[in-house]
Amino acid sequence: ILVCTPLLSMYGKCGSIVEAEDVFGTLPHRDIVAWTAMMSAYNEQGQGEKALKLYGLMQIYGVSPNELTCVCAFQACAILADTEKVAKNGSAARIGHALHADSSFRGFASDAHVGTAILSMYAKCGALEEVENVFNGLLRRDTVAWNAMLTAYMDLQQGLNTLFLYKEMRQQCVTLDDGTMVCLLQACSLIGSLETTRQLHFAAVFAGYEQIPSVSSTLVDAYGGCGNMVDASTFSNELCEPDLVFWTACLCVYSGQGDAMASMVILEEMKLASNKVDEVVLTLVLASCSHTGLVAEGLEYFYLMNADRSISINLKHYGILLDLFGRVGDFKRIFSILEELPMEAD
RNA sequence: AGAGGUGGGUGUUA
């Protein structure tokens, strides 16, 4: 069991959920750690429902949850709420309340990790009041808890509150980490606060965070969201290793601005930096072409990337292609795409 | 430490 549990955990993190299930299934005796690891594996793959079922099953088998298990349960519930969104009735919220009551009863709710997990779960359920109650009730607030609260305000469209919270963090001398930067920059992008973006940019450089991939990408997001895109190539020159997500964030901004030329320049820069290109890049390049009416170019990129085995074309790509042809009134090609669609349309 | 909390890019409504 000491070998199999890390193994299934590994499988879960690699996305090999079937293998993880196999390992879990062959365990003769499942202790709390194994159950928790399997739940975590489901969570990693966004299978909140399965994780929650496992949580119930575990207790039928007479195994009681501990703090770590509860964290996984709350994560699972958060995933459920996130995927439920428009579709349903708030059943995730009801499950969440029940889980919350249960872990309070067990005395786990005061655990720092559990508390943060509960907070995030309520945020995904859209329950602002519960979120604030949990945050105020936390005995000790570490950076992750503050970050979770920042993210919660973000999720709940409370852009200004996010910035107020940031102020409070500084007043209370909370340690800011790269996660804090990312949350705040996302808020800046959301509310279009250029001034704060600049402040954070400075703070990030000062703290040495700007080289962290998640931070540099979010900086691009933030500047883009403020309609103040810095010259991406200048910015990228300051980075040691601009990664795929960084370039994609640039593409996203340019594509949103309808600047197809800039998008193509980015593509070239990516080639120079020998960065890979993936399906997300393709959606943005196509969108760029579509917005600018560059039919031939769009098609060319599509075929080019279609030939690349490492890029899996999905329905979004076809959607944009249809849009591209729709804008120039080429219904012939629209129908032929629809006829030859290699997957089911949504 | 055999399991755990927050955080980075993706279309259509031009």
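A, B, ... follow the sequence lines: proteins, then strands. Residue 1 opens every chain.
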| query | So, does the side chain of A:Asp243 form a donor-acceptor pair with the base of B:G8 at under 3.5 Å? | reply | yes

Check: Any donor and acceptor pair, going by atom type alone, linking the side chain of A:His97 with main-chain N or O of A:Ala93 inside 3.5 Å?
Finding: yes

Using a cut-off of 4.0 Å on non-hydrogen atoms, how would the nucleic acid contact of A:Leu251 be classed: base, sugar-phosphate, or nothing? nothing

So SG of A:Cys250 and CG of A:Leu267: to nearest 0.5 Å the spacing works out to 11.5 Å

For residues 103-116 of chain A, the side-chain hydrogen bond (donor to acceptor under 3.5 Å, both in side chains) pairs (sequence neighbours left out) are A:Gln59-A:Arg106, A:Asp102-A:Arg106

Pair A:Tyr55 and A:Trp35, ring centroids less than 6.0 Å apart: no

Is A:Gly293 touching bases, backbone alone, or none of the nucleic acid, heavy atoms closer than 4.0 Å?
nothing

Side chain to side chain contact (heavy atoms under 4.5 Å, CB included) with A:Tyr122: of A:Asn133, A:Leu128, A:Leu156, A:Val134, only one passes, and it is A:Val134

For nucleotides 1-7 of chain B, 5' to 3', base contacts (B), sugar-phosphate-only contacts (S) and non-contacts (-) with protein non-hydrogen atoms under 4.0 Å give -BBBBBB

Plane angle bin for A:Phe331 and A:Phe335 - parallel if under 30°, tilted between 30 and 60°, otherwise perpendicular | tilted

Distance col, row A:Ile320:CD1 vs A:Leu284:CG, nearest 0.5 angstrom, shows 7.5 Å

- Among side-chain atoms of A:Asp177 and A:Thr143, is any donor-acceptor pair under 3.5 angstrom? no

From OH of A:Tyr223 across to C1' of B:G9 the rounded distance in Å is 18 Å

A:Tyr318 atom OH is separated from B:G11 atom C1', nearest whole Å, by 15 Å

Rounded to whole Å, CG of A:Asp259 lies from P of B:A14 at a distance of 19 Å

Rounded to whole Å, CG of A:Asn314 lies from P of B:U12 at a distance of 14 Å

Whole-Å distance, A:Phe302 CZ to B:G11 P, equals 17 Å

RNA chain B in dot-bracket form (Watson-Crick or G-U pairs under 3.5 Å, [ ] crossing, | inter-strand) is ..............

Residue pairs passing the salt bridge (charged side-chain N to carboxylate O under 4.0 Å, His left out) test with at least one member in residues 205-230 of chain A, sequence neighbours excluded, are none

If we count only N and O atoms by modelled type, under 3.5 Å, do the side chains of A:Lys124 and A:Ser120 hold a donor and an acceptor together? no

Rounded to whole Å, CZ of A:Phe325 lies from P of B:U12 at a distance of 16 Å

When rounded to whole Å, the CG to P distance for the pair A:Leu184 and B:G8 reads 13 Å

- For the pair A:Glu195 and A:Arg198, evaluate salt bridge (charged side-chain N to carboxylate O under 4.0 Å, His left out) and give the outcome as yes or no after the intermediate values. CA-CA 5 Å; A:Glu195 195 191 331; A:Arg198 288 193 171 125; over 6 Å; no

Step through the shown structure and confirm whether more than 12 heavy atoms of other residues, nucleotides or ligands are within 6.0 Å of CD on A:Gln199. yes

Note: contacts of residues 326-346 of chain A with RNA chain B (heavy atom, under 4.0 Å) are A:Arg327

Distance col, row A:Leu54:CG vs A:Glu21:CD, nearest 0.5 angstrom, shows 9.0 Å

So, with a heavy-atom separation below 4.0 Å from RNA chain B, the residues of residues 277-292 of chain A are A:Asp278, A:Val280, A:Thr283, A:Leu284, A:His291

To the nearest angstrom, the NE2-C1' distance between A:His201 and B:G8 comes to 15 Å

d(A:Glu241 CD, A:Ser216 OG) to nearest 0.5 Å is 10.5 Å

